[in-house]
Amino acid sequence: PESNGASGNTDDGPKKYAFVFKNTGNPYGEKMQEGFESAVKELGGEVILRSPDQPTAEGQIQIIEQLITQKVDVIAVAGNDPDALEPALKKARDQGIKVLSVDSAVNADSRDIHVNQANPERIGRVQIEAVSEMIGGEGQIAVLSATSQATNQNEWIEWMKKELEKEEYKNIELVKVAYGDDLRDKSVSETEALLKSYPDLKAIIAPTTVGIAAAGKVLTDKGLEGEVALTGLGLPSEMATYIESGVSPWMYLWNPIDVGKAAAYTAYELGEGNISGELEEKVDLRDLGEVEVVEDGEGAQIMLGDPFKFDKENIDEWKDVY
Amino acid sequence: MLNEFVLELEGITKAFPGVKALDNMQFQLKKGEIHALMGENGAGKSTFIKIITGVHEPTEGDMYLFGEKISFKNPNDAEKMGIAAIYQHVTSYPDLSVTENIFMNHEIRHPTWKTLNWREMHKQARELLCELGSSIDPKAQMNTLSVAQQQIIEIAKAISTKAKIIIMDEPTAALTARESEELYRITEKLRDEGTSIIFISHRFEDMYRLASRVTVLRDSKNIGTWNVDEISNDKLIVAMVGREINQIFPDKKMSAGDTVLEVKSLSNLGDFEDISFSVKSGEILGMTGLVGAGRTEVCQAIFGITRFEKGEILLDGSPVKSRSPQEAMQNGIGYLAEDRLEQGLVVNWSIEKNITLANLSELSSYTWLHRAKEKEQAKTFGEKVQIKATSIFDTVHSLSGGNQQKVAVAKLLTKDLKVILLDEPTKGVDIGAKAAIYEIVRQLAEAGYAVLFVSSEMPEILGMSDRILVMKEGRIAAEFVNRGVTQEMILEAAMGEEPVQKKSG
Amino acid sequence: MEIKVAHTENPKKNMLTLFYQFRELGLLFFIILLCIGVQMRNPSFLTGENILDLATNTSILVILSLGMMIVLITRGIDLSIGAVIALSGMLTAQLVAANPSINPLLCLLFGTIIGSVCGIVIGLLIARVGLLPIIATLALMNIFRGLTFLVSDGEWVSSYQMSKGFVALAGGSFLGINHLIWVAVFFCLVFFYFLNYTRTGRQIYAVGSNPQSAAVSGIKQSRILLLVYTIMGGLSGLCGVLWVSKFASAQGDTASGYELTVIAACILGGVSIAGGSGKLGGVLLGAILLGILNNALPLLNVSPFWQNGIQGFIILLAVIVNSIVKRRVDRTHSLRRAG
Amino acid sequence: MEQEKQTYQPRTLETQLPFSWKRLFFQWEWMLLLILVAVLLFGSYVSPYFLNYPSLRDGTMVFLDKAIIVFPMAMIMIMRDIDISVGSTVALSSVVMASLYTTAGLPMEVAIVACLVTGAVCGLINGLLIVKFKELSAVIVTLGTMILYRGIAYIILEDQAAGGFPEWFGFFGWGYVFGIPFLLIVFAALAIVFGILMHQTTFGRKVFAIGNNPTASRFSGVRVDRIKVIVFMLAGLLAAITAIFLTSRMGSTRPNIATMYELDIIAMAALGGVSTAGGKGRILGVVIAVFIIGYLQYGLGLINMPSQLFLIIVGALLILSVAIPKLGSMIKRK
Ligand SMILES: Nc1ncnc2c1ncn2[C@@H]1O[C@H](COP(=O)(O)OP(=O)(O)OP(=O)(O)O)[C@@H](O)[C@H]1O
Ligand SMILES: Nc1ncnc2c1ncn2[C@@H]1O[C@H](COP(=O)(O)OP(=O)(O)OP(=O)(O)O)[C@@H](O)[C@H]1O
Ligand SMILES: [Mg+2]
Ligand SMILES: [Mg+2]
């Protein structure tokens, strides 16, 4: 293994793996932390799970400072802001701490590697494919996103737009991208506004948990099941009702537990010095298979598989899981 | 005999932290009488009233209503027993309607539903007001009314409780002579209907006009009760003040110099109009009038606190315009506020900090405060006015009213002033301290200040002033050179409708 | 020999007074203008469906504004209501998840009780210990929010865990009108009655208008304060249940920052922060104005980034205009007093 | 007459107080110091990483940025007002600075000046509104501007991030001078400046006077309105300084930074003994309170305490710190 840097951790105890999620009280994050924790335990490391109470970069910076002081070996972070964590994470890396981002990337300078929950291109394209299938390849569609600063969502929406350029979707028109800010009441208002402003709307894509659940509720309340289709990315627990009722024929998500596990394995490999975040390295994700490090803008990342499809058939077994 | 006294008080004592506001007070009220209660400021009159109405609980003593011993835990108890009060400071709800002010806490309610019966309340309010000879709209909001009108509402409120005992604490203080006359009529009417009334006033004429008996309070004690037609003015004053009055005024040494302050037809619509006077260096110009005559407003306008619309203020012959107290003081004008606690002093500060507050810039270089200089100045001026305290670090709160006033005066002295406006400097001050303040004021004049001395108390105006201005309803009604002026002359000027009418009527 | 009642009829002054007393009319006028403007841009605004949606979405705001109004009338403020909503919503949702068969009305009661307990704590701190409302509720906002995260352990309660009956609390409708609207109307009527036709209601105004007078009239101020914060807490608790039922999901950060919206509705509606005054009609209109803004801004395609700015601007504008009008009216009064 | 004369005997006033242990030790600051020591002991007990110089030193960088605003906030609270718009002011000044640098391409130095000006103007607007519209309380005005300022920040940056500042800009938030964090030095300097301002200058004296009795202050020639405006401007200015440090620490900025800062700041001031009813408070107490809350949070962070527990602890601390003196006097009254 390569040197751990100047202040490297020479104590012999188990290595410390820290996971910093965006904020507390988010079941998606809780599940990811769960996966991370179980995998690290299995590998014999020590786990630290932290998140600020508000989804802010300031909160994460504080936590990262505290983790540096505790001399952790690896920090995995789901960034609230791709750039704002850079100084803090750089400081960590200067002290020999390995840094990876999970779920929401931080910029290439502040990390060794990014664990992407799924291929963003596939996430974007797959939702257009789904919507096209639901509405028979014709009609108006709209997107209900989180906040317009959400980098993940924006990337996916870009891919959706690219996918829509294909000849087969020429009859599908994306009329609006609305932002519900991941607030229930705002998402509801935005959905209602979409329905009223575009009476011929055929489908809504909501690539965010709060948004898709709020849209599902509105469509249910308005009895638009079968008239306006709903798909996107959402937690099975939140969406179970609407998938079972058919308001959303199906939707996608990856398994956050697996994402957490993948982050843990990657962190382990980084911490042990088995990988360093160079392109084309192979990362052993144990039961999740082996993946290759690929390019991501200026940085490196590994990608998990396609998002998983949840429909009437399988939602029942997943709704209690996450 | 049992029923001769409606209300009897036996040895009532009320102690506030640090003050004994009432000391072993005896009092008897007959049915259907108007009983005047007199005494100096702070003698304990208002406290006495608040004991009777259950706002305060007495520390000691017993109270009997119609021969039965009672004790009130809160004002509701007193109200239920038929006691109502009109407090000295108007206690209205400015945001609520007239009707509500009248019926607050004894609203008329629907017998079964217990809902408020607005229609009935409005009706009764209108009737009550009509009875009082007023046409105020019961639905009007209280803060749209004048002070006099609010006073009428307070009376209506007391009557509406169908009280057998009504207490009026200086109800005429804010009323004009004509309005007072109306109040007399109402009060007499109530008395004729069998209500007993306790009437507190500083005005002798109120007492002579209305009351059959008078009780005098001094230093928290009952000095005695007399039948009004058996007591003379002088005797009453001795009872109230405890000594003959002219003893306490310092000798006048007329040494007036040049005119320092000249006020030319100062007007502010609604407050005062066409005020012109001048004060010379070394002179004490007394200014009197009834409460609400606008003296405070004139002083505050000169001092830059309030604006005036027309007129001019000349200092040493050249016009000055002070837009703030700060500028006024720079110009050489100082003002001793009427409301010592609210406007004059920072009561939970030390004597030192209070004395230096107006003069901080001179005790500092580049805003850095020199502590040693500050202490020195506080000591110098504190001793100059003879503040009774152990150190300059005593909090003003712990001082007696008179000594508090001395602190306020000391604060003025720190500034380089030419004119000092003293607004009721002896209000709420005990007699010893009063004498001390008179002495200070006289010394100020001798030191060359031009002094405007505002007071409602005739004796001190007569005893202190070189000249006397009398204000009435925002105007200067008369000016006297203080030689052979009598109380009657001043009162006539301050109160009379039109002097001519008065003579003929 | 009549006391001169200086009620001189000066039409101009009286117009101003009238305007001040019925400032609600101005607000109503503003709302109508706004509606016309929005309607011209997007014709689907004034449709029955949208109006019902708007009313449904504004109901919770209306209910909370009623509570906040009485708090403000007593010269207080309550910043903790968002946190109380979250706490009661979360606990109720957990109750429902654990006992799906529980009667939905019992849930309402449960949430209301939780909220009332929170309110009593606040009330005691303010009325008995004498803390400033802003400090006490700020601190308790932190505490309640923290408690919510603790009891939920970061998890949400999702719609599939909620019984049909529970979701129907806020989702169902009666006579084609959503339950929430009925609840809001019910509370408006109750408050109208309470504030105008009960003694306690008027005492709330009295305490806020002049605490010293209230004391000499024998009104127990601390009792009124306690009552007011308890009502506010109870309403917040109730709204927590309704909120969770409406969105069929309970989260730890539910209604975060909502207190400011509620306060803004009250201030827009002419409730004075200095206490003593505030009318139900005004508050209703204030809440409706905010509801319309929330509904119309998406319909108008207003950039989401402008929404905050527009809201802040409208609030400041409204309070400043209000204060200028009040000043002019007061000046008229002082002149009249002298005249 | 004889009796009267007695009161005219020359009377002297002491200018020196006799030494008193009670006065020396009966101070809120001692209590705070005790709490701080307890926090430090607690920290070193629960975490081996806590009690050493680098840790305590770097720990300060975590909380001192917002703590800068606590000084003017203390002054505002002493004057019986409150400013809940400071978080938004931080965001707006930061956004103005960043967008001037990135989109307008101005030099960073100019952008920093613009940031300070923006903060001061925000404070000035608050102050002027409060002074000109006395009927509105500071709560209302700053509630409105809180929404408005952040709204303007959103309008400017539209939820984008702006960053890419020059290298040297990072020094503010991360740099050391002689091994001491620059932020800590600035905080200490501000503490001294404000300590002097509040307790040694005429300005501070007047602030206290206003807090104790605004009318009497005005009648004594204190320019109450002007001082209020200046203090609110100071709050805006220091919010802008916070913005510089915060932006430097993050390397980029967004309109949603510094949300809810006002809360933490008010809590620090209240714990520091600033009486919320006005008129009382000392900078020393406030400084100690900043370190209490900061190190408590830091220590709890080092043992990886969930952040929501921290919410509860700060809330409870705030209530206790304002309630204990009240309870004391309540009991005394009984
Ligand atoms: N609540 C209180 N706490 C402490 N002291 C009080 C209180 N109320 C009155 N006092 C004191 O009791 C004394 C008597 O006051 P009171 O108001 O009864 O006088 P008063 O005769 O009505 O005077 P005035 O003519 O000015 O109305 C004063 O020294 C006053 O300062
Ligand atoms: N208690 C009061 N509340 C409100 N307004 C009042 C009150 N007393 C007087 N006023 C009004 O204020 C105006 C002038 O009163 P001001 O106090 O200046 O008179 P003054 O001659 O200084 O009386 P005082 O004897 O109280 O010093 C009058 O128009 C009067 O109606
Ligand atoms: Mg009195
Ligand atoms: Mg006066």
Side-chain angles (χ1 to χ4, degrees), chain B residues 50 53-55 73-79 85 87 89-96 100-101 103-107 109-110 113-118 129 132-137 140-149 152 157 175-176 178-179 181-183 185-186 269-271 294 473-474, chain C residues 1-9 13-14 16-18 20-21 73 75 192-221 223 270-272 274-279 326 329-339:
Chain B
K50 287 183 179 165
T53 55
V55 174
K73 291 271 170 296
N74 62 52
N76 286 342
D77 295 349
E79 194 181 298
Y87 293 98
H89 304 284
V90 177
T91 55
S92 64
Y93 303 102
D95 307 290
L96 303 184
E100 261 185 280
N101 269 281
F103 287 103
M104 181 56 72
N105 228 23
H106 55 268
E107 295 88 348
R109 293 192 289 184
H110 197 281
W113 297 98
K114 294 288 170 210
T115 60
L116 303 185
N117 191 343
W118 285 111
L129 290 170
L132 296 177
S134 160
S135 63
I136 302 168
D137 177 9
Q141 197 171 312
M142 196 68 171
N143 61 8
T144 65
L145 305 182
S146 72
V147 178
Q149 286 174 319
I152 291 166
K157 185 173 171 178
L175 302 187
T176 61
R178 187 126 59 97
E179 289 163 345
E181 199 58 46
E182 186 65 17
L183 181 76
R185 191 185 62 80
I186 294 164
L269 187 59
D271 291 331
E473 289 167 28
Chain C
M1 254 308 188
E2 200 206 59
I3 295 189
K4 180 81 194 92
V5 184
H7 229 205
T8 37
E9 299 300 322
K13 285 176 192 169
N14 281 352
L16 205 60
T17 318
L18 200 71
Y20 184 62
Q21 274 174 351
I73 287 174
R75 307 186 172 188
F192 184 74
Y193 168 80
F194 173 62
L195 288 179
N196 293 312
Y197 289 98
T198 69
R199 181 176 277 191
T200 314
R202 298 319 295 176
Q203 290 183 346
I204 291 174
Y205 281 92
V207 164
S209 185
N210 189 345
Q212 285 85 25
S213 316
V216 297
S217 337
I219 296 171
K220 295 203 177 59
Q221 191 178 354
R223 199 182 288 176
V271 181
S272 153
S277 67
K279 282 191 198 154
K326 193 176 158 82
V329 171
D330 285 351
R331 195 173 148 65
T332 323
H333 291 157
S334 70
L335 285 183
R336 195 190 292 175
R337 187 159 59 206

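Because only heavy atoms are used, hydrogens play no part in the values below, and waters and symmetry mates are left out as well, while side chains stay in. The sequence lines fix the lettering, A, B, ..., with proteins before strands; numbering per chain opens at 1.
For the options C:Ala206, C:Gly208, C:Gly201, heavy-atom pairs under 4.5 Å to chain B are most numerous at C:Ala206. Of the listed residues B:Pro94, B:Ala85, B:Pro75, the one with more heavy-atom pairs under 4.5 angstrom with chain C than any other is B:Pro75.
Put simply, the side chain of B:Asp95 does not reach to within 4.5 Å of the side chain of C:Tyr205, judged on heavy atoms.
Only the side chain of B:Glu100 has a heavy atom closer than 4.5 Å to any heavy atom of chain C.
To the nearest 0.5 Å, atom OG of residue C:Ser277 and atom CD of residue B:Gln141 are 7.5 Å apart. Here the CD atom belonging to B:Glu107 is positioned 9.0 Å from the CZ atom belonging to C:Arg202, to the nearest 0.5 angstrom.
Closest heavy-atom contact between C:Thr198 and B:Leu116: O-CD1, 3.5 Å. C:Ala214 approaches B:Tyr93 most closely through the heavy-atom pair CA-OH, 3.3 Å.
By the side chain to side chain contact (heavy atoms under 4.5 Å, CB included) test, B:Asn76 pairs with B:Asn74, B:Lys80, B:Asn105, sequence neighbours left out.
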